[in-house]
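Heads up: numbering here begins at 1 and tracks the sequence.
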Amino acid sequence: MPDVIIPGPAGRLEGRYSPSEDPTAPVALILHAHPLGGGHMENPLVEMMYDSFRKRNFATLRFNFRGVGRSQGSYDQGLGELSDAATVLDWVQGYNATARYCWVAGHSFGAWVGMQLLMRRPEIAGFVSVAPPTNMYDFTFLAPCPASGIIVHGGADKIVPAEDVERVMSKVRVQKGIEIQRDIIPDANHLFTEHLPELERRINTYLDDRIPLVEKERSERQITGKR
């Protein structure tokens with residue numbers, strides 16, 4: 001799990017990268033919560049998602065947004081952070097040019113950035129969004145959502161109430177054949193402080209079910225020549 005320094009739009013970006021022994025292994029990018037709210041790549045929730053993909057032999061990378069840890073620059077209202085994420089995805093794809101596809105996973109602010117990245121990058125075949133801040137940011141850019149994924153939020157989240165996530169995400173349009181699974185963990189707060197094992201279980205169950213379907217879908221696309 002080597003430390004990496006990636007040239008970013010506003011200076012260097014600090015990351016942790018776990019390569020895969022399989023040159024065609026998929027890529028996973030993990031995004032942390034709000035930089036001004038204490039979000040960083042060493043958060044236990046971020047590390048848990050990182051490990052979930054790493055253990056599945058993904059080429060997995062998490063990093064600090066600009067202005068966090070040893071990453072240079074300063075908070076940029078989400079615009080710069082989206083640019084950071086795109087740059088880091090380019091970097092990891094450069095080392096995994098034959099990767100079969102990509103996934104993106106994010107917590108809170110990172111979930112919002114990750115879903116914007118999803119709309120811009122057709123190679124992203126799935127997503128994990130934990131506590132997306134639907135009451136703070138506009139999610140209407142998901143029009144329609146191009147990949148299946150899971151959204152998990154806490155029933156006792158006082159920062160992003162569960163009913164607000166449900167209200168917004170229930171209205172999201174999806175492309176044909178795409179499904180967004182929505183899970184609520186009762187009594188969990190925004191950081192899942194006392195419910196991290198249950199969050200991990202639900203994410204792992206989803207990945208175990210979904211990844212074989214993605215493999216099948218991507219294989220069929222190669223045969224038919226579709227994107």
Could you please spell out the steps behind the side chain to side chain contact (heavy atoms under 4.5 Å, CB included) verdict for Ile124 and Leu117? CA-CA 8 Å; Ile124 298 178; Leu117 190 64; 4.0 Å; yes

Can you confirm whether the side chains of Arg121 and Gln93 place a donor and an acceptor under 3.5 Å from each other? yes

Indicate every side-chain donor-acceptor pair of residues 145-156 with a distance under 3.5 Å to a residue at least two apart or in another chain.
| from | atom 1 | to | atom 2 | distance (Å) |
| --- | --- | --- | --- | --- |
| Ser148 | OG | Glu179 | N | 2.9 |
| Ser148 | OG | Glu179 | O | 3.4 |

Just to verify, what does Asp138 make a salt bridge (charged side-chain N to carboxylate O under 4.0 Å, His left out) with, not counting sequence neighbours? none

Measure the acute angle between the ring planes of Tyr95 and Trp91, then classify it against the limits of 30° and 60° as parallel, tilted or perpendicular. tilted

Any salt bridge (Lys or Arg N to Asp or Glu O under 4.0 Å) pairs touching residues 124-137, not counting sequence neighbours? none

Taking side chain as C-beta onward, heavy atoms only, is Met41 less than 4.5 Å from Ile30? no

Side chains of Pro26 and Phe53, heavy atoms from C-beta outward: is any pair under 4.5 Å? no

Just by distance, no angles: are the side chains of Asp22 and Ser20 close enough, under 3.5 Å, to form a donor-acceptor pair? no

Around atom CD of Glu21, are there more than 12 heavy atoms of other residues, nucleotides or ligands at under 6.0 Å? no

Let me check something: any side-chain donor-acceptor pairs from residues 101-109 under 3.5 Å, sequence neighbours excluded? List them with distances.
| from | atom 1 | to | atom 2 | distance (Å) |
| --- | --- | --- | --- | --- |
| Tyr101 | OH | Glu215 | OE2 | 2.8 |
| His107 | NE2 | His190 | O | 3.0 |
| Ser108 | OG | His190 | NE2 | 2.9 |

With Thr205 as reference, evaluate Leu207, Asp208, Asp209 under the side-chain contact (heavy atoms from CB on, under 4.5 Å) test and give the passing residue. Asp209

Student check: side-chain heavy atoms of Leu89 and Val27 closer than 4.5 Å: yes

Assess whether a salt bridge exists between Glu123 and Arg218, defined as any Lys/Arg side-chain N lying under 4.0 Å from an Asp/Glu carboxylate O. no

Is it possible for you to say whether Leu29 and Leu142 belong to one hydrophobic cluster, with membership spreading through side-chain heavy-atom contacts below 4.5 Å? yes

Taking atom types as modelled, find out whether Arg54 and Ser18 have a side-chain donor-acceptor pair closer than 3.5 angstrom. no

Note: Arg62-Asp51 ion pair, threshold 4.0 Å (strictly below): no

Selection residues 141-169 - residue pairs positive for salt bridge (Lys or Arg N to Asp or Glu O under 4.0 Å), sequence neighbours left out: Asp164-Arg167, Glu166-Arg182

Are the side chains of His34 and Tyr75 in touch, meaning some heavy atoms are under 4.5 Å apart? yes

For Lys176, side chain to side chain donor-acceptor pair (under 3.5 Å) partners two or more places apart: none

